[in-house]
Protein chains: 2
Amino acid sequence: MASDSRLLADVAPVRSGNVFEETMEHLLRLLRLGQFPPGTRMPPERELAEALGVSRTTLREALAELQQAGYVQARRGRYGGTYVAPVLPAPQAPEVPTLDAAEVEDVLTLRAVVEPAAARLAAERLPRAKQLARVQEAHEQLVGVPVEAYRPLDSRFHLEVARLSGTPSLVAVVADVRNQVNRLLDRIPLLPPNLDHSTQQHAALLEALEQGDPVAAEAVITDHLQGTAALLRGFLT
Amino acid sequence: MASDSRLLADVAPVRSGNVFEETMEHLLRLLRLGQFPPGTRMPPERELAEALGVSRTTLREALAELQQAGYVQARRGRYGGTYVAPVLPAPQAPEVPTLDAAEVEDVLTLRAVVEPAAARLAAERLPRAKQLARVQEAHEQLVGVPVEAYRPLDSRFHLEVARLSGTPSLVAVVADVRNQVNRLLDRIPLLPPNLDHSTQQHAALLEALEQGDPVAAEAVITDHLQGTAALLRGFLT
DNA sequence: TCTCAAAGGATCAGTTGTAGACCTTTAGGC
DNA sequence: GCCTAAAGGTCTACAACTGATCCTTTGAGA
């Protein structure tokens, strides 16, 4: 009996590859989400390996690959370290040139659920000045940044907003969905006018948060998301 | 320089343990969520190992442990297999007797975001009869079931509702959060009156879905969740 | 009643990943 | 201008995991 195929349909793999591959994915994600912002120094290998729960050997293999691809650069000696490139390299030509519409809808739908909810919760909590400062900082770094370096910093801003929700598990989901959206965005051109508009919306969001206005915060971000959503859907035809 | 500790704060581990441990967690989750319902036969080891992306050796170690703990029972010979116990054993006395309030709020908040959204989306899509049948089936299996066997089937019902949203990534989040909630619920008593009330709410949700009424669906499930949320918060003091 | 296919059970060589010690480079401080 | 601490770079013994093969059990059907 070849077993009920329906039972196996929902069984996800325990791991999505070998340790090296997963570590690469993980690091790429951290870079794309701006958690290690462009131009900064990453933590020392020994600490990073520990935080990732991976041996230094494996981490170093992944870092070597990233260096090869131009994402980071290692410098030896005291006060050396692994430095993030000021501008992340454009991803390779994607394997699948045309995107699966269902997949895109999936990601956009999840995003439309979690990001507005996070913004609403953040505004409800009336964050203290110190917490807001981190968002403010992320916002300022974003102003006038060149197009090529925009995306990681944009992600960072959105993640900082999500963190204000005070709900770590929600932040994790937002980070995840944003990472997927970034992969989609890599396949379409990024236009300066869009950036300007985005930055204005960020400012509006920031104000809603300062005022502790959940309804406004949710509305602003929903609007904001619809912009990129439309862009992505458009490039699908 | 001991590196900027803020940078490492948000770095999650690549893996949460060795393969054996992760496989155990994974299987426990599948059992608790009712994806392998009580009393049924699980897929053959070879197929399950393949689906989990794990060697049969490792899977067998995990299954042996589960058998030891009374979750499953293996039967040899043709038409044998690994059978899920009709009633899952009560979990061991939890390591941490008193729960961390922040942790509980975290899970409950995420749940309050994703489950209502999934129900709303499900109602919006006006699911076809065939899809509704799976939810209906899950609902019927739940009626009159003994208290001890309730939880996996309850989870299954909620997961089937989430599946109707047509958004796989949202289903994944719902599954995840439900798994965490189940762990919390394991620490508090389950009362038959609560079950009756739950089942009534399930019926109301089902009706809202049939009618394609997103507002009602969202309202019913929000109400439903607040019940267990209050219960959990109550047992925290 | 015999056969056999489909399931769990056992074993082992080979590969992958880890932990830890050690080497090399380099800038700042005495 | 030398010393040293902190970083990346290298190597090796050990543990974990895999995958492949074979064994054993058992019920259905010829």
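Each chain gets a letter, A, B and so on, in the order the sequences are listed, and its residues count up from 1.
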Closest approach of B:A62 to B:T23 (non-hydrogen atoms, all atoms of both residues): CB-CG2, 4.0 Å
Nearest to side-chain heavy atoms of A:R41, which nucleotide of D:dA7, C:dA7, D:dC17: D:dA7
Measure CG/B:L48 against P/C:dA6 and give the value in whole Å, please. 18 Å
To the nearest Å, how far apart are B:E22 CD and C:dG17 P? 13 Å
In whole Å, I'd like the distance from the CZ atom of B:R75 to the P atom of D:dA28. 12 Å
With distance as the sole criterion, do the side chain of B:R56 and the base of C:dG9 form a donor-acceptor contact below 3.5 Å? yes
Is the cationic atom of A:R187 (NZ for Lys, CZ for Arg) positioned less than 6.0 Å from the six-membered ring centroid of A:F235 and within 45 degrees of its normal? no
If you take atom types as modelled and just measure distance, does the side chain of B:R78 reach the base of C:dG8 with a donor-acceptor pair under 3.5 Å? no
Closest-nucleotide mapping onto DNA chain C: is B:A74 or A:V54 further toward the 5' terminus? I mean the 5' end. B:A74
Round to a whole Å and report the spacing from CG of A:L59 to P of D:dT10. 14 Å
Report yes if at least one side-chain N or O of A:T58 is closer than 4.0 Å to OP1 or OP2 of C:dT18; otherwise report no. yes
Does OP1 or OP2 of D:dG9 have a side-chain N or O of A:R60 closer than 4.0 Å? yes
To the nearest angstrom, how far is A:Q67 atom CD from D:dG8 atom P? 11 Å
Parallel, tilted or perpendicular: which one describes the rings of B:H139 and B:F157, with boundaries at 30° and 60°? tilted
With hydrogens left out and only the distance checked, is there a donor-acceptor pair under 3.5 Å joining A:R76's side chain and the base of C:dT24? yes
How close or far is atom P of D:dA20 from atom CD of B:E45, stated in whole angstroms? 17 Å
Which nucleotide in D:dC22, D:dG9, C:dG28 has an atom nearest any side-chain atom of A:Y79: C:dG28
Spacing of B:L52 atom CG relative to D:dT18 atom C1', expressed in whole Å: 15 Å
Give me the atom names and distance for the closest heavy-atom approach of A:P38 to A:L153. CD-CD2, 4.4 Å
Which comes earlier along DNA chain D counting from the 5' end, the contact point of B:N18 or that of A:G80, where each point is its nearest nucleotide? A:G80
Is a donor-acceptor pair below 3.5 Å formed from side chain B:T57 to base D:dG19, judging by atom type as modelled? yes
I'd like to know if the side chain of B:D106 pairs up with that of A:T167 as donor and acceptor (distance under 3.5 Å, no hydrogens or angles considered). no
Just the rounded figure in Å: distance from P of C:dA10 to CZ of B:R46. 13 Å
